[in-house]
Amino acid sequence: MTQKKTPDFEQAARRAEALRSEIAQHNHRYYVLDAPVVSDAEYDRLMNELIGIEQAHPDLVTPESPTQRVGAQPLAAFGSLRHTVPMRSLGNAFDPEDIQAFDKRVSDLLAGAGMLAPGGQVEYVAELKFDGLAVSLRYEQGRLTRAATRGDGQTGEDITSNIRTLRSVPLKLIGRYPDVLEVRGEVLMNRADFERLNQAQQARGEKVFVNPRNAAAGSLRQLDPRITATRPLRFFAYGWGEIRLVNRGQVELFLQEAGDADMPCDTHAGMLEWFESLGLPVSAERKVVRGADGMLGFYAAVGAGRAGLPFDIDGVVYKVNELAAQEVLGYVARAPRYAIAHKFPAQEETTLLLGIDVQVGRTGAITPVARLKPVFVGGVTVTNATLHNDDEIRRKDVRIGDTVVVRRAGDVIPEIVGPVLELRPPDAALFVMPSHCPVCGSAIERPEDEAISRCTGGLFCAAQRKQSLTHAAGRKALDIEGLGEKLVDQLVESGRVKSIADLFTLTAEEVAAYDRMGRKSAENLVAALEAARKPPLGRLLYALGIRHVGESTARDLALRFGSIEAVMAADEAALLQVNDVGPVVAGSILRFFAEQHNRDVVEALSRAGVHAVPPEAPSGNNQRLAGRTLVLTGTMPNWTRDEATRHILAAGGKVSGSVSKKTAYVVAGEDAGSKLAKAQELGVPVLDEQGLKALLDMAD
DNA sequence: CGTCCTCGAGTTCC
DNA sequence: CTCGAGGACG
């Protein structure tokens, strides 16, 4: 084989060029238009063919070849790059009033400049505000030459070789591109890709990322572009810095002369379309709107569809559409006057972890609780967050003094997501589980195979005594209204109340003597106690707080045994007959009633006039739900969850908390959550309140 | 013995 | 709501 095969070489060159253009087109279709026309396998085949040709003819390799995305060697450090046009930040708005004020300011200024007819409405482009990293890409003669992070707005880090690995970023523009184009946009990661990346990181024992934003930032700040190449990063263009247009090859024009006939467009919306025609990815979630109402409408629509987006956003952005109008409005300090960011209430914030205290639960469970520097997140101020247990703290690697990310996800309960390691002070302290209960001084033990540490003090521990009283007074137990935490504290500390039974000997006079208790509330409490003297047996059993006996098991025990004496007399074999009672639960019940002080409480309750009502045998008429399990989710228009539960139980059905194949129906109300999705996934029939009533033959 | 289902327990803020 | 773990079932 000789090398002098000119026709061969030319054929290879043509083929290589054709392949590059085809691969670039597929990239464009896949990453920009989101409409691929070839399979991954076919794409790989094209790529492999190109690699083959380039290996045979190294002269044919060009910097824009898709094989060269990961060409550069690892860097020792990032260089810095100065932005020719600064990357500015935007003013922030949080309320509708802020937006109305913004619209008024813009309208007044434009009307003053004669650019808006009296009473006319300003046109804006509304876009998403991505929760990623702002970057600037510089194209010269259509070729990607430089890429930089935002940095301080004047100077950023040179991340050119990392940006080149993003397949959604074209290495070469298509169509009628200008001499120089600086594109501003955002690099981000889809939530699903972020989850997958973290799983892989964990499996390899490498550090996991706190959120998609941090993952994107970490990926972009890799000194080795080969690592960046493996990370699923996306890019969206939304603005520009320097633009140099060539007018018949001679005259240089800058954006500051927008409105000039040689600009390819005279609106922001037109500019975004132009970007698309150059092969740059632009988010389709954008809209031209008019006035404050138009902006707020977009905000509401995006807010409603937010969970359905594949990536995180922290709000929306409005920009005056006319470029000439933007120019008139100009800048104030560092932010443009023609644009504003309308932020969603943050769902994640960072704050300082001041300390970790422990709480003692009803069963003695010791729960570490994070004390946080108060932080406003998702509409409320958060100061505490549970850390669950030792393992959890170690898994998340949070230390006292850390700056931590706090989240209030879909639900209400705040959660510590993880520490921001870059901000960890050198003296950050590890949490140490105390060896003795902070309340009663008893030893804290953690069984070999369990995650929870427990105070061994039992009811000797004031904390456990208080918690068990609160539990017994709860809505699902004896339902004693007016017995709040403050009063329980006082009753226990004064020694007046040692067990549930003592509650029923309280008089209004006595209660009124305690702090913050008026005559009236004391009487209300005594009345509530009176009403609680005839609880259904299941509720009384639940109120006792036997380990592993919850609401549902207590009800099953009541159904089988009919009286508390019968439960106390039952042996293991008898207990095992009950639904959901196995050796562990049976052992727990036997041990509970073997304790003399627990038998004493039952006895004292009876003397205080508390007599449980045996459960009615299921009434024969209307047992249409017998043996069926239903799951409730969301808020129903008329019934509360408890009411619906009662009706279902009365019809012989069961209510469970989780959806599975065995679930007969899911009853979904307003704001139904993940359970509805699960039901649809498993093909479980879904009812609304009307449907449930029809099922119960109670339709109104 | 393994897998799936369900129950229990703990939790924040207003 | 979510996690962990006990129980039921194949």
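We name chains A, B, ... by the order of the sequence lines, and we start the count at 1 in each one. From a predicted model like this one, the values you see are computed outputs, not experimental measurements.
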A/Lys654 has its side chain closest, among B/dC7, C/dG4, B/dT11, to B/dC7

Give one of base, sugar-phosphate or nothing for A/Ser658, where a contact means two heavy atoms less than 4.0 Å apart. base

Protein-nucleic acid N or O pairs under 3.5 Å, nucleotides 6-10 of chain C:
unit_1, atom_1, unit_2, atom_2, d
C/dG7, OP1, A/Gly582, N, 2.7
C/dG7, OP1, A/Gly582, O, 3.2
C/dG7, OP1, A/Val585, N, 3.0
C/dG7, OP2, A/Val584, N, 3.4
C/dA8, OP1, A/Asp580, N, 3.2

Exam field: side chain A/Asp402 to backbone A/Val398, donor-acceptor pair closer than 3.5 Å: no

Nearest-nucleotide check on DNA chain B, A/Gly361 vs A/Val655; residue mapping nearer the 5' end is A/Val655

Which class fits the ring pair A/Phe344 and A/Tyr299: parallel under 30°, tilted 30 to 60°, perpendicular over 60°? tilted

State which of B/dA9, B/dG10, B/dC7 makes the closest approach to the side chain of A/Thr367. B/dG10

Between CG of A/Leu630 and C1' of B/dC5 the distance, given in whole Å, is 16 Å

Hey, are the side chains of A/Thr645 and A/Leu632 touching, using non-hydrogen atoms and a 4.5 Å cut-off? yes

Of the options B/dC13, B/dC7, B/dG10, whose atoms approach the side-chain atoms of A/Asn384 most closely? B/dC13

Nearest to the side chain of A/Ser660, heavy atoms from C-beta on, is which of B/dT6, B/dT12, B/dG8? B/dT6

List, one per line, each side-chain donor-acceptor pair under 3.5 Å for residues 584-599 of chain A, sequence neighbours excluded.
unit_1, atom_1, unit_2, atom_2, d
A/Ser588, OG, A/Arg547, O, 2.6
A/Gln596, NE2, A/Asp600, OD1, 2.9
A/Asn598, ND2, A/Phe592, O, 2.9
A/Arg599, NH1, A/Phe593, O, 2.9

How would you label the contact of A/Thr629 with the nucleic acid (heavy atoms, under 4.0 Å): base, sugar-phosphate, or nothing? nothing

From C/dG4, B/dG10, B/dC7, pick the nucleotide closest to the side chain of A/Ala365? B/dG10

So if I take every side-chain heavy atom of A/Lys661 and compare against B/dC5, B/dC13, B/dT11, which nucleotide ends up nearest? B/dC5

Give me the one residue out of A/Val659, A/Thr663, A/Val666, A/Leu692 that meets side-chain contact (heavy atoms from CB on, under 4.5 Å) with A/Leu630. A/Leu692

Modelled atom types, side-chain donor and acceptor of A/Tyr514 and A/Ser494, under 3.5 Å: yes

Could you tell me the separation between the CD atom of A/Gln467 and the C1' atom of B/dA9, rounded to a whole number of Å? 12 Å

Between B/dA9, C/dG4, B/dG8, which nucleotide has the shortest distance from any of its atoms to the side chain of A/Thr363? B/dA9

